[in-house]
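Working notes, beginning with the structure itself.
Values in this document were obtained by computation on a predicted structure and should not be read as measured data.
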Amino acid sequence: QVQLVESGGGLVQAGGSLRLSCAASGLTFSRHVMGWFRQAPGKEREFVATISWSGSSTRYADSVKGRFTISRDNTKHTVYLQMNSLKPEDTAVYYCAASKLPVVIATVRDYDYWGQGTQVTVSS
């Protein structure tokens, strides 16, 4: 049974930083593209960042480029999202996801497994 468990969310002031973690189990972690998505109240789930199997390739949403960094540790079966210079508009539930496809992808429908999410709230 595949499990993705996010942690690290919380309340932070604008300009602050948070580091999200996602621990994976029940899948061949090093053969899954990993992604982070987020969903704000009343909005659709949107792409944030994705990383290839080895970590050599990444892709970001324009809204977070230069502020967020995705990384992974295949020995720990964990993917991370370092979020700096946070803004109130970054407030959302953040979800970790895993895809069986061999390329970095940004679409919700291409991800096979999802975590339960972790709340990030940025106050102004």
Over all heavy atoms of both residues, which pair between [X] and [Y] is shortest? Give the atoms and the distance, please.
X	Y	result
Ala92	Ala40	CB-N, 3.8 Å
Thr50	Tyr111	OG1-OH, 2.9 Å
Tyr80	Ser21	CD2-OG, 3.4 Å
Ala106	Phe47	O-CB, 3.3 Å

Do the side chain of [X] and the main chain of [Y] share a donor and acceptor less than 3.5 angstrom apart?
X	Y	value
Thr28	Ser30	no
Ser52	Ser57	yes
Asp112	Lys100	yes
Glu6	Gly117	yes
Ser99	Leu101	yes

Output every pair passing disulfide (SG to SG under 2.5 Å) with a member in [range], not counting sequence neighbours, ordered by first then second residue.
range	answer
residues 24-54	none
residues 22-116	Cys22-Cys96
residues 26-66	none
residues 56-90	none

Quick one: pull up [atom1] in [X] and [atom2] in [Y] and give me the separation to the nearest 0.5 Å.
X	Y	atom1	atom2	answer
Lys87	Ser63	NZ	OG	8.0 Å
Arg31	Asn74	CZ	CG	8.5 Å
Asp110	Ile105	CG	CD1	4.0 Å
Arg67	Ser85	CZ	OG	7.0 Å

With heavy-atom distances below 4.5 Å as the criterion, would you say the side chains of Thr118 and Tyr95 are in contact? no

Open item on the list: With a 4.5 Å cut-off on side-chain heavy atoms, are Val103 and Val33 touching?
Closed with: no

Sequence neighbours left out, what passes side-chain contact (heavy atoms from CB on, under 4.5 Å) with [X]? Give chain and number order.
X	result
Thr75	Asp73
Thr121	Leu11, Thr91, Gln119
Gln3	Ser25

Quiz item: Residues in side chain to side chain donor-acceptor pair (under 3.5 Å) with Ser17, at least two apart?
Solution: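 Side chain to side chain donor-acceptor pair (under 3.5 Å) check on Ser17 returns Asn84.
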
Joining Ile, Leu, Val, Met, Phe, Trp and Tyr whenever any side-chain heavy atoms lie under 4.5 Å apart, the cluster holding Met83 also takes in Val2, Leu4, Val12, Leu18, Leu20, Leu27, Phe29, Met34, Trp36, Val48, Ile51, Tyr60, Val64, Phe68, Ile70, Val79, Leu81, Leu86, Tyr94, Tyr113, Val120, Val122

Return the set of residues passing salt bridge (Lys or Arg N to Asp or Glu O under 4.0 Å) with [X] (not counting sequence neighbours), or none when no residue passes.
X	answer
Arg45	none
Glu46	Arg38
Lys65	Asp62

Group every Ile, Leu, Val, Met, Phe, Trp and Tyr by side-chain heavy-atom contacts under 4.5 Å, then state whether Val93 and Val5 land in the same group.
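Looking at the clustering, Val5 is in a separate group from Val93.
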
